[in-house]
**Student:** 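Could you have a look at this structure, given as structure tokens, before my questions?
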Amino acid sequence: MGLPLPWVAFGAAAGGTVALGYAGQPVREVSAAEASAEIKKWPEIYAEGLPVVFRGLAGRSKLLQAFSHKNLQKHADGIGGWSLNKGHGSGSWNSHAHEGGMWSLRQIEEYYEAQKGSSAPALQCFKSQGHVPTLELLQSVVDSMPPRLLQTAEIQKVHWWMGVNGSTVVTGLHTDLTHNFFFAAHGQGGKKFIMFAPWDGDNLHVWPKVWSYSEMLFDFYAFVNKTPEQLEEAWKHPDPERYPNFAKVQRYDVVLFPGDVLYIPIRWWHSGLNSGDVIGVNTWFWVPNPFGTLLEQIFSQKPTDEPDEWPKLAKLPAPYATLKAFEPAPEPPPHGVHPDSVRKRVRQRQQKLGCVRAQVLPFKKVFAKLEQFEEELTCLRGFFRDIWSEMKELVTGDYPAGSAELWSKMTGDKRFEHHIQNIYCPSDSPRDHMATFREAFEIRHDRSRFSFMGVLERAYPGCAAKGSCVAVHVAAGRALRSAVVWGKCRSGTRAKEL
């Protein structure tokens with residue numbers, strides 16, 4: 001497919017990372033003319049594990065019309081469940097968040113109207129989890145999802161993000177445990193993202209009390225007397241004296257226009273900026289591939305978050321420190337379509353698309369491409385060798401209800417549940433490799449010891465000395481995510497896109 005290979009820049013240092021400075025690298029783009037054809041290669045895009053923006057992919061859907069300002073005005077007093085926050089998650093620690101979802105869309109627009117001309121950023125507007133206001137809007141979102149994605153993904157929720165009336169809004173720099181498709185619905189170039197690879201997380205000044213957020217944008221909402229251009233500069237270039245490690249990472253940049261669809265792979269760090277009138281929707285999802293899921297489990301961080309001890313964010317300037325919660329209407333408007341309706345609508349479309357078949361490639365064929373990393377993969381290769389036949393039996397077959405049926409089967413199977421909780425280095429591996437591999441699971445539970453590169457070094461024994469940690473991780477991920485092939489069912493309804 002001619003995908004870029006950004007990891008070729010990594011590997012000079014023992015840990016596999018070199019300083020790349022502040023310049024942002026463009027995200028791979030697929031043109032509007034090619035987007036529909038390219039998204040049919042979605043399994044290959046998923047296997048590569050890199051962000052991609054599909055220009056104009058949703059441009060011909062009803063999404064843009066449904067989420068236009070003109071259309072939304074029809075629902076201004078009837079759409080409840082809105083929240084305002086500083087873009088750093090939810091909870092009592094974010095004390096100025098105005099969480100609760102009691103306000104109407106009209107109240108939110110009035111807030112942004114009051115912020116016009118402000119020299120400080122506006123609070124982020126978020127539609128409470130999983131709710132889309134009306135069936136009309138829900139249908140436009142689900143129908144804009146590419147068929148190839150729906151056939152190979154487990155989707156449960158749809159979310160709505162907005163900033164209007166000239167506001168500058170930023171989402172905190174964070175990482176998610178799911179894949180992400182973001183649909184730009186309104187705003188000419190006002191929606192921007194910065195992204196960073198998972199292995200750069202060690203240099204993103206992660207919040208000590210919660211591993212999924214970086215501290216680097218915590219003071220963003222304390223800025224005053226800044227132009228929109230200055231706020232964007234501060235967003236892209238955090239204070240080098242306070243955050244010196246940022247100079248070691250590679251930033252990826254993308255600007256979205258209405259109809260564009262951005263894929264953010266699982267565990268990629270990202271932050272979004274709204275400038276002007278911007279509306280977008282997104283869906284987080286999983287891919288029912290047991291090999292990719294098990295690989296992610298090995299590198300997942302597991303310390304328990306400590307919300308009562310999370311530090312307070314930077315003191316807000318006067319406009320925010322004195323902002324009072326809106327008075328909800330005597331009878332607050334409903335949140336809208338329940339998340340169960342989202343799942344139901346997705347399932348309906350999956351069933352309409354028809355039956356799909358999942359097939360597992362032979363173990364030897366998948367790992368043949370990794371021969372140059374034979375030493376580093378003794379444990380990982382051995383583990384998957386031991387469980388390959390079980391996972392092949394679990395996944396292979398026809399699924400009339402599409403990927404949702406496979407996801408349910410996979411995650412509900414006792415064998416998969418056992419393996420995901422008991423990942424090991426086989427007993428025929430070198431003893432020092434077995435000991436090193438065990439350490440990977442010890443440090444991911446220990447907040448004081450965890451580093452992504454540290455887990456890489458232990459999961460792939462010997463990679464630190466060779467400077468191959470990132471290269472072997474990228475290659476192993478690509479191979480394992482490619483292990484499941486989607487095709488036509490042998491009997492019954494055939495999937496249109498396959």
**Student:** For the side chain of Arg345 and the backbone of Leu138, is there at least one donor-acceptor N/O pair under 3.5 Å apart?
**Tutor:** no
**Student:** Please identify which of these residues, Trp286, Tyr46, Trp284, meets the ring-ring contact (aromatic ring centres under 6.0 Å, His included) condition with His179.
**Tutor:** Tyr46
**Student:** Decide side chain to side chain contact (heavy atoms under 4.5 Å, CB included) for Phe246 and Phe196; before the verdict, give the C-alpha distance in whole Å, the side-chain angles of both, and the deciding distance to 0.1 Å.
**Tutor:** CA-CA 11 Å; Phe246 185 67; Phe196 307 87; 3.5 Å; yes
**Student:** Look up atom CD in Glu34 and atom CD1 in Ile39, then write down how far apart they are to the nearest 0.5 Å.
**Tutor:** 13.0 Å
**Student:** For Gly56 versus Asp260, what's the shortest heavy-atom pair and its separation?
**Tutor:** N-OD1, 2.8 Å
**Student:** What distance separates Lys392 NZ from Ile387 CD1, expressed to the nearest 0.5 Å?
**Tutor:** 14.0 Å
**Student:** Give the C-alpha distance, both sets of side-chain angles, the deciding distance and a yes or no for side chain to side chain donor-acceptor pair (under 3.5 Å) between Ser214 and Trp269.
**Tutor:** CA-CA 9 Å; Ser214 164; Trp269 292 81; over 6 Å; no
**Student:** In Å and rounded to the nearest 0.5 Å, what is the CG to CZ distance from Leu262 to Arg55?
**Tutor:** 9.0 Å
**Student:** So, applying side chain to side chain contact (heavy atoms under 4.5 Å, CB included) with Val485, which one of Val360, Leu361, Thr396 is it?
**Tutor:** Leu361
**Student:** Minimum heavy-atom separation for Leu370 and Ala476, please, with both atom names.
**Tutor:** CD2-N, 4.0 Å
**Student:** If you define the side chain from C-beta out and look only at heavy atoms, does anything of Leu137 sit under 4.5 Å from Asn71?
**Tutor:** yes
**Student:** Between Met145 and Val141, is any pair of side-chain heavy atoms under 4.5 Å apart?
**Tutor:** yes
**Student:** Quick one about Trp42 and Thr152 (side-chain donor to acceptor, distance below 3.5 Å, no hydrogens or angles considered), yes or no?
**Tutor:** yes
**Student:** Should we count NZ of Lys409 as having more than 12 external heavy atoms under 6.0 Å?
**Tutor:** yes
**Student:** Less than 4.5 Å apart, any side-chain heavy atom of Asp253 and any of Pro26?
**Tutor:** no
**Student:** Quick one: side-chain contact (heavy atoms from CB on, under 4.5 Å) partners of Glu390, sequence neighbours excluded?
**Tutor:** Arg415, His419
**Student:** Does atom CD (Glu136) have a neighbourhood of more than 12 heavy atoms from anything else shown, all under 6.0 Å?
**Tutor:** yes
**Student:** Are the side chains of Glu296 and Arg481 in touch, meaning some heavy atoms are under 4.5 Å apart?
**Tutor:** yes
**Student:** Counting N and O atoms only, with roles assigned by atom type, does the side chain of Asn203 sit under 3.5 Å from a partner on the main chain of Lys248, one being a donor and the other an acceptor?
**Tutor:** no
**Student:** Looking at Asp200 and Arg251, does any basic side-chain N land under 4.0 Å from a carboxylate oxygen?
**Tutor:** no
**Student:** If a pair satisfies salt bridge (charged side-chain N to carboxylate O under 4.0 Å, His left out) and one of its residues is in residues 279-292, list it, with sequence neighbours excluded.
**Tutor:** none
**Student:** Please name the pair of heavy atoms, one in Thr293 and one in Val287, separated by the smallest distance, quoted to 0.1 Å.
**Tutor:** OG1-O, 3.9 Å
**Student:** Taking side-chain contact (heavy atoms from CB on, under 4.5 Å) as the definition, give me every residue that meets it alongside Thr378, ordered by chain and number, with sequence neighbours left out.
**Tutor:** Pro430, His433
**Student:** Any side-chain to backbone donor/acceptor pair from Thr283 onto Lys157? Under 3.5 Å, distance only.
**Tutor:** yes
**Student:** For Glu374, is the CD atom crowded, meaning more than 12 foreign heavy atoms sit under 6.0 Å from it?
**Tutor:** no
**Student:** Phe367 and Phe291: aromatic ring centres closer than 6.0 Å?
**Tutor:** no
**Student:** Between atom CD1 of Ile423 and atom CD1 of Ile298, what is the distance when rounded to the nearest 0.5 Å?
**Tutor:** 4.5 Å
**Student:** Working to the nearest 0.5 Å, report the span between CG of Leu456 and CZ of Phe299.
**Tutor:** 5.5 Å
**Student:** Please test Ser403 against Trp486 for side chain to side chain contact (heavy atoms under 4.5 Å, CB included), starting from the C-alpha separation and ending with a verdict.
**Tutor:** CA-CA 10 Å; Ser403 55; Trp486 300 83; 4.1 Å; yes
**Student:** Below 4.5 Å, heavy atoms only, C-beta onward: do Met453 and Cys469 meet side chain to side chain?
**Tutor:** yes
**Student:** Taking the side chain as every heavy atom from C-beta outward, state whether Asp143 and Lys62 have any pair of such atoms under 4.5 Å apart.
**Tutor:** no
**Student:** Give the C-alpha distance, both sets of side-chain angles, the deciding distance and a yes or no for side chain to side chain contact (heavy atoms under 4.5 Å, CB included) between Val474 and Trp199.
**Tutor:** CA-CA 10 Å; Val474 169; Trp199 46 86; 3.5 Å; yes
**Student:** State, to 0.1 Å, how close Asp398 and Cys355 come at their nearest heavy-atom pair, and which atoms those are.
**Tutor:** CB-SG, 3.9 Å
**Student:** So do the side chains of Asn245 and Leu204 get within less than 4.5 Å of each other, counting heavy atoms only?
**Tutor:** no
**Student:** Please answer whether the main-chain N or O of Ala471 pairs with a side-chain N or O of Ser468 as donor and acceptor at a distance below 3.5 Å.
**Tutor:** no
**Student:** Scan residues 361-370 for pairs that pass salt bridge (charged side-chain N to carboxylate O under 4.0 Å, His left out), counting only residues two or more places apart or in two chains.
**Tutor:** none
**Student:** For a 4.5 angstrom cut-off between non-hydrogen side-chain atoms, does Met434 reach Pro461?
**Tutor:** no
**Student:** Closest heavy-atom contact between Leu72 and Ala66?
**Tutor:** CD2-O, 3.9 Å
**Student:** Take Ser300 and Arg267 through the side chain to side chain contact (heavy atoms under 4.5 Å, CB included) test and state the conclusion after the steps.
**Tutor:** CA-CA 9 Å; Ser300 61; Arg267 297 191 185 282; 2.9 Å; yes
**Student:** Under a 3.5 Å threshold, yes or no: a donor from one side chain and an acceptor from the other, between Asn282 and Trp161?
**Tutor:** yes
**Student:** Can you list, pair by pair, the side-chain donor-acceptor contacts under 3.5 Å of residues 436-443, counting residues two or more places apart and other chains?
**Tutor:**
residue : atom : partner : partner atom : Å
Thr436  : OG1  : Asp432  : O            : 2.8
Glu439  : OE1  : Arg458  : NE           : 3.1

**Student:** Is any side-chain N of the basic residue among Arg28 and Glu48 closer than 4.0 Å to the acidic one's carboxylate O?
**Tutor:** no
**Student:** What about Phe285 and Phe181, are their ring centers closer than 6.0 Å?
**Tutor:** yes
**Student:** From the options Ser140, Ser144, Pro258, select the one residue that forms a side chain to side chain contact (heavy atoms under 4.5 Å, CB included) with Phe183.
**Tutor:** Ser144
**Student:** For the residue pair Phe193 and His270, categorise the inter-ring angle as parallel (less than 30°), tilted (30 to 60°) or perpendicular (more than 60°).
**Tutor:** tilted
**Student:** Say you draw a straight line from CH2 of Trp407 to CG of Asn289; how long is it, rounded to the nearest 0.5 Å?
**Tutor:** 10.0 Å
**Student:** Quick check: closest heavy atoms across Leu64 and Ala58, and the distance to 0.1 Å?
**Tutor:** CG-O, 4.2 Å
**Student:** Salt bridge (Lys or Arg N to Asp or Glu O under 4.0 Å) for Glu154 and Arg347? Distances and angles first, verdict last.
**Tutor:** CA-CA 9 Å; Glu154 164 62 11; Arg347 300 293 183 270; 2.9 Å; yes
**Student:** side-chain contact (heavy atoms from CB on, under 4.5 Å) with Pro51: which residues, sequence neighbours excluded?
**Tutor:** Val27, Met195, Pro265, Trp268
